[in-house]
Amino acid sequence: MGELPYTRDIVGVKKCITEALIDILSGEVDISPERIRRLFEEQRIKITKTPDPKFGDIGIPLHPILYMGHIDRSRWVEIGSRIVEKITGREHIDKCYISRAEFVNGYLNIWIDYKRLLEKLVENILLGKLDEMLRSIGRGVKVIVEHTSANPVHPLHIGSGRNAVIGSIYANLLRRLGYDVSERFYVDDMGRQVAIMIYGYKILRENNVKPRRDVKIDHWFGAVYALTNILIEKRKLLRKLNLLEEEFTAKLNELKDRVRKIYGESGDPHTIQLLTILENLEAKKEFIHRYDEELARLRNIFEKLHDKKGLAEYVSEIIGYINKYNGLIKELSTYTSSENKLAIQFPEIYNVLSREIKDPDRAERGIDELIHGYEYGDRDISELFREATSMVLEGFKETLKNINIWFEGYDWESDRRILEYTRMVVEKASKLPYTIIDGRAVIVDLDKAAEEHEYIRLIFGGDKPGRVVLRRSDGTTLYVTRDIAYSIYKFLDLGADKVYNVIAHEQDREQKQVRAILYLLGYRDIAENLIHFQYEMVHLKGRSMSGRRGIYYTLDELFRDYVKTIILDYLDTQLRLGRRKFNYDELRDTASKLAVTNIRVLLSSIDPKKVLVFEPDKLREYLYGSWITYTFVRLQGILRRYLGIEPLDEIVELKTRILNVYHSIGDDVELSVEERNILEKLTDYGEVLITSADYMEPNKLVEYMNELGMMLNRFYEKHPVIGEKRESLRYLRIVIVTLSLLILHDLFNILKLPIIKKI
RNA sequence: GGGCCCGUAGCCUAGCCUGGAUAGGGCGCCGGCCUGCGGAGCCGGAGAUCCGGGGUUCGAAUCCCCGCGGGCCCGCCA
């Protein structure tokens, strides 16, 4: 990608003008043609759209040339008018679709001949030249886009949704550009989180608790995971609290003794205050709650005692304890509040787990055993893991299918081949000169490796590469180890030439470490062609998400909320317009499709590298998807009525008939601003696809779609199409509508938005 | 402490890589247009210290430096 700069300019206007200007300018200014050509190629001089139609359609700032050629400002007008004269000469006018030119303040402004532009667009879109050009870009190169890859321990939430949508759109965009794309989901079933869920699930099974039918399977397992985790963490916290309390009591007593000893019966009011508070604290420690008030009082007294001997130290220690204590209590409360919610929703899970999980150490040991057993192929344990994670995955598939996402393949971390590669990675890495072997643990010191390899320094930039543990002391491997193995698998076994990993920005370092180690292991091609497609998180306003605590806004929920919002919103506007009768089933069906569109558009419309802040309560403000669908439907309606065919069902027929319409346009038409804008926009289409792929910015597609949509709304609000009396104008508008529809249709396909014919 | 990313109207966002004319949209707000290819629309209006300060340049939202604010990462977690 990126190597065909001029194919982006599908109409060729820019190229043509560039060539003409190189010729003309080198004749006017004392700069060699080669140098001017370089200025264009390096984009020091850019051919851009003008900010206002009164400046023409295309503007070229010639200032760099004028300054470089030492042309005094007083002579600009004279030189400018000669440039204008030359560029509007016969040959250029014809070749470059120029209709007129002007020189203003160092800018060369050019007016485009839109009838010629239309001719080119017809050729590109109706006769398939654009298609041919786009398909030739990828030339069948094999690309893997790995995305979503959520831990199978809770339902997909809105963050996973962003990943999934971005990944699926990007994959589809690459397909459109002629790449041979495989979308893959990496099932991370060997991590600690899964083992925690399995630990809980195993207990439930032993107590005959089975997944409930009335709850979607991944949501049920989400509760199992969260409750198991919460119970273990809570018990650990309680233990910490107890320990802290003991130390705290000891310290309190020490301080009390000391106070009595120093001040005895002196009757100093601060001392009495202090003793009172200390006694109160001692009594209170049996009750679990926070000591905010006491903390403030102690600080106060502490200040007054400041200069008195020996006490300051004690008091500040006490304050330290209280701070620590408050912190723990706060943490505990976040667990207990979700625990309570889950206990009400899933009593069958809660009752068993809260009874069975008492000793956190035992639980940790059990989890470690599960991890070990799974990695070393214990049959019963493996079956349990597979059974549970497969069920969760079924839940994922259902959610994803709903929003038009599916995969060429699911690659299990526990796959035999990947595990073989994992062992090989550990083995090979053990022999590296930068590797530290500590018992069974294998640790690669990338800091040291970076000293000797420039490649690694380049990967990390100013960051410290750090040490990477590939195998724990207990002999099990880590996520990063399997990730390295999976990367090898993608290239060697799946035959990828290039791999895009759509993975959150927060994993940037891990991804760099993977590449660095691949490089050290001798897989330089793999390291080079493994691309981290970063995207940022989704933040919910006013809510925080935590899978560990079972708090999340799921994709399933988002879908339901959209359906509701769309229907209610629609009813609102229709009622205002006086309609009174509606068909619920039809409405629901349409709303479901629009929900898909809105979800996909919402999650892909923002630059992936920006944090997406989202307010579930204000869904009605995120309805771009509905809006563009209406425009799309309207275009179809016009053509359906005019041609008497279902336009998108009979595209070949549509194209041939519109070609005839095009040839019937007379010479007498003048294009309006709205029409010219649309043609210009359509001209950009190919370039938008390519740059959006190059820079990994699927949001550019959505943006383009919105802009085209807005232009179309303005256009047919102002100009009748079928109702236009003048024949040539009517034909022209029909052609514009068709070209726009075909481009929108193409975009809907790339973005995988449901194709709706009528609403 | 080190690294990556972000900062543009009340809110969201484009433009930044590759400097160029009046910073483009959307939501919300105010005012108009409701029967004519499906009005989830159209037209008009108010609303911006482009986070701050320096520098480079004929020209800076854009490039460089120094700050400030926010997110994320620096685990024998994933």
Side-chain angles (χ1 to χ4, degrees), chain A residues 42-46 48 50-52 55 59-64 66-67 73 104-107 109 149 151 153 188 190-194 438-443 460-480 482-483 504-510 512 534 536-537 539 541 547 566 569-570 572-574 576-578 594 605-607 609-615 618 620-624 626-631 633-635 637-642 695 699-700 703 706-707 710 713-714 716-724 733-734 737 758-759:
Chain A
E42 289 165 6
Q43 302 234 21
R44 286 281 301 119
I45 305 177
K46 267 200 290 193
T48 54
T50 56
D52 191 292
F55 295 125
I60 304 136
L62 296 179
H63 313 81
L66 296 168
Y67 282 108
R73 198 132 192 154
V104 184
N105 289 330
Y107 295 93
N109 293 330
S149 302
N151 261 319
V153 293
D188 176 21
M190 299 194 69
R192 192 167 188 87
Q193 297 186 35
V194 171
D438 180 8
R440 297 194 70 187
V442 175
I443 304 158
F460 286 91
D463 200 6
K464 274 222 152 207
R467 287 179 172 186
V468 181
V469 178
L470 293 182
R471 191 168 70 189
R472 299 186 181 98
S473 322
D474 70 358
T476 56
T477 55
L478 288 104
Y479 175 78
V480 62
R482 278 140 14 216
D483 204 7
H505 168 85
E506 58 188 1
Q507 292 205 45
D508 182 43
R509 173 181 282 253
E510 188 267 354
K512 284 175 176 164
Q534 307 191 22
E536 264 293 355
M537 343 216 63
H539 278 305
K541 229 176 209 165
I566 290 164
D569 222 52
Y570 180 76
D572 271 0
T573 41
Q574 293 300 310
R576 233 183 301 130
L577 292 170
L594 289 176
S605 59
I606 285 162
D607 189 337
K609 63 175 180 286
K610 291 196 177 174
V611 176
L612 170 57
V613 183
F614 174 69
E615 288 187 70
K618 290 192 181 169
R620 61 182 60 242
E621 288 177 16
Y622 303 91
L623 293 173
Y624 288 100
S626 305
W627 175 85
I628 192 69
T629 301
Y630 272 81
T631 301
V633 165
R634 232 170 152 186
L635 295 183
I638 293 172
L639 292 175
R640 185 182 302 121
R641 189 159 177 140
Y642 184 73
Y695 295 114
N699 53 310
K700 289 278 150 53
E703 194 195 324
N706 278 334
E707 282 166 1
M710 271 185 295
N713 280 344
R714 261 169 221 152
Y716 53 51
E717 184 68 27
K718 235 177 175 164
H719 309 286
V721 180
I722 298 177
E724 173 58 49
R733 288 176 189 158
I734 296 276
V737 164
K758 295 178 184 174
I759 290 185

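Residue numbers start from 1 in every chain, and the chains themselves are labelled A, B, ... in the order their sequence lines are given, proteins ahead of strands.
Listed nucleotides B/rC72, B/rC76, B/rC58 differ in distance to A/Met537; the shortest reach to its side chain belongs to B/rC72. Comparing B/rA21, B/rC72, B/rG38 by their closest approach to the side chain of A/Tyr107 singles out B/rA21. When distances are taken from the side chain of A/His63 to each of B/rG20, B/rC73, B/rC4, the shortest belongs to B/rG20. Relative to the side chain of A/His539, the nucleotides B/rG71, B/rC76, B/rG2 differ in distance, and B/rG71 lies closest. With B/rA14, B/rU18, B/rC37 as the candidates, the nucleotide lying closest to the side chain of A/Arg641 is B/rC37. The side chain of A/Asp508 lies closest to B/rC4, out of B/rU18, B/rC6, B/rC4. Comparing B/rC72, B/rA21, B/rG7 by their closest approach to the side chain of A/Asn109 singles out B/rA21. Listed nucleotides: B/rG2, B/rC37, B/rA14. Nearest to the side chain of A/Val721: B/rC37. Side-chain proximity of A/Ser473 to the nucleotides B/rA21, B/rC76, B/rA14 is greatest for B/rC76. Between B/rC72, B/rG2, B/rC6, one nucleotide has an atom nearer to the side chain of A/Lys609 than all others, and that is B/rC6.
Judged by distance alone, the side chain of A/Arg471 and the main-chain N or O of A/Arg440 form a donor-acceptor pair under 3.5 Å. Checked by atom type and distance alone, the side chain of A/His63 pairs as donor or acceptor with a backbone atom of A/Asn105 at under 3.5 Å.
Of the residues near RNA chain B, A/Pro64 and A/Trp627, the one whose nearest nucleotide (by heavy atom distance) lies more toward the 5' end is A/Pro64. Ranked by how close their nearest RNA chain B nucleotide is to the 5' end, A/Leu612 and A/Asp569 are led by A/Leu612.
Taking 4.0 angstrom as the limit, A/Lys512 places none of its side-chain polar atoms (N or O) nearer than this to OP1 or OP2 of B/rC73. Contact between the side-chain N/O atoms of A/Lys718 and the OP1/OP2 oxygens of B/rG41 is not found at any separation under 4.0 Å. Between A/Asn105 and B/rA21 there is no side-chain N or O to OP1 or OP2 distance below 4.0 Å. Between A/Lys700 and B/rG15, a side-chain N or O to OP1/OP2 separation shorter than 4.0 Å is present.
Note that the CD1 atom of A/Ile606 and the CG atom of A/Leu612 stand 4.5 Å from one another [nearest 0.5 Å]. A/Asn713 CG to A/Lys718 NZ: the interatomic distance, rounded to the nearest 0.5 Å, is 13.5 Å. Put simply, OH on A/Tyr716 and OG1 on A/Thr631 are 4.0 Å apart, with the number rounded to the nearest 0.5 Å.
Pair assignment for B/rG44 gives B/rC30, based on Watson-Crick or G-U wobble hydrogen-bonding distances that are each under 3.5 Å.
Across all strands shown, A/Gly466 has no heavy atoms under 4.0 Å from either base or sugar-phosphate atoms. If you check every strand for non-hydrogen atoms under 4.0 Å, A/Asp438 touches a base. Within 4.0 Å (heavy atoms only), A/Glu510 reaches at least one base atom of the nucleic acid. Base contact: A/Gly59 has a heavy atom under 4.0 Å from a base atom.
Look at CZ on A/Arg509: it is 14 Å from P on B/rC5, rounded to the nearest Å.
Distance noted for atom P between B/rG26 and B/rC43: 9 Å (whole Å). The C1' atoms of B/rA9 and B/rU49 are separated by 12 Å, rounded to the nearest whole Å.
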- Quick one, give me the B/S/- string for nucleotides 60-70 of chain B, reading 5' to 3', where B means a protein heavy atom under 4.0 Å from the base and S means that only happens at the primed atoms, P, OP1 or OP2. -----------
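For A/Arg467, the CZ atom sits in a loose shell: 12 or fewer heavy atoms of surrounding residues, nucleotides or ligands are nearer than 6.0 Å.
The closest side-chain heavy-atom distance from A/Glu506 to A/Met537 is below 4.5 Å. A/Val721 places a side-chain heavy atom less than 4.5 Å from the side chain of A/Ile734.
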Taking only N/O atoms, report every protein-nucleotides 23-34 of chain B pair under 3.5 Å with atom names and distance.
{"unit_1": "B/rG26", "atom_1": "O2'", "unit_2": "A/Tyr624", "atom_2": "OH", "d": "3.3"}

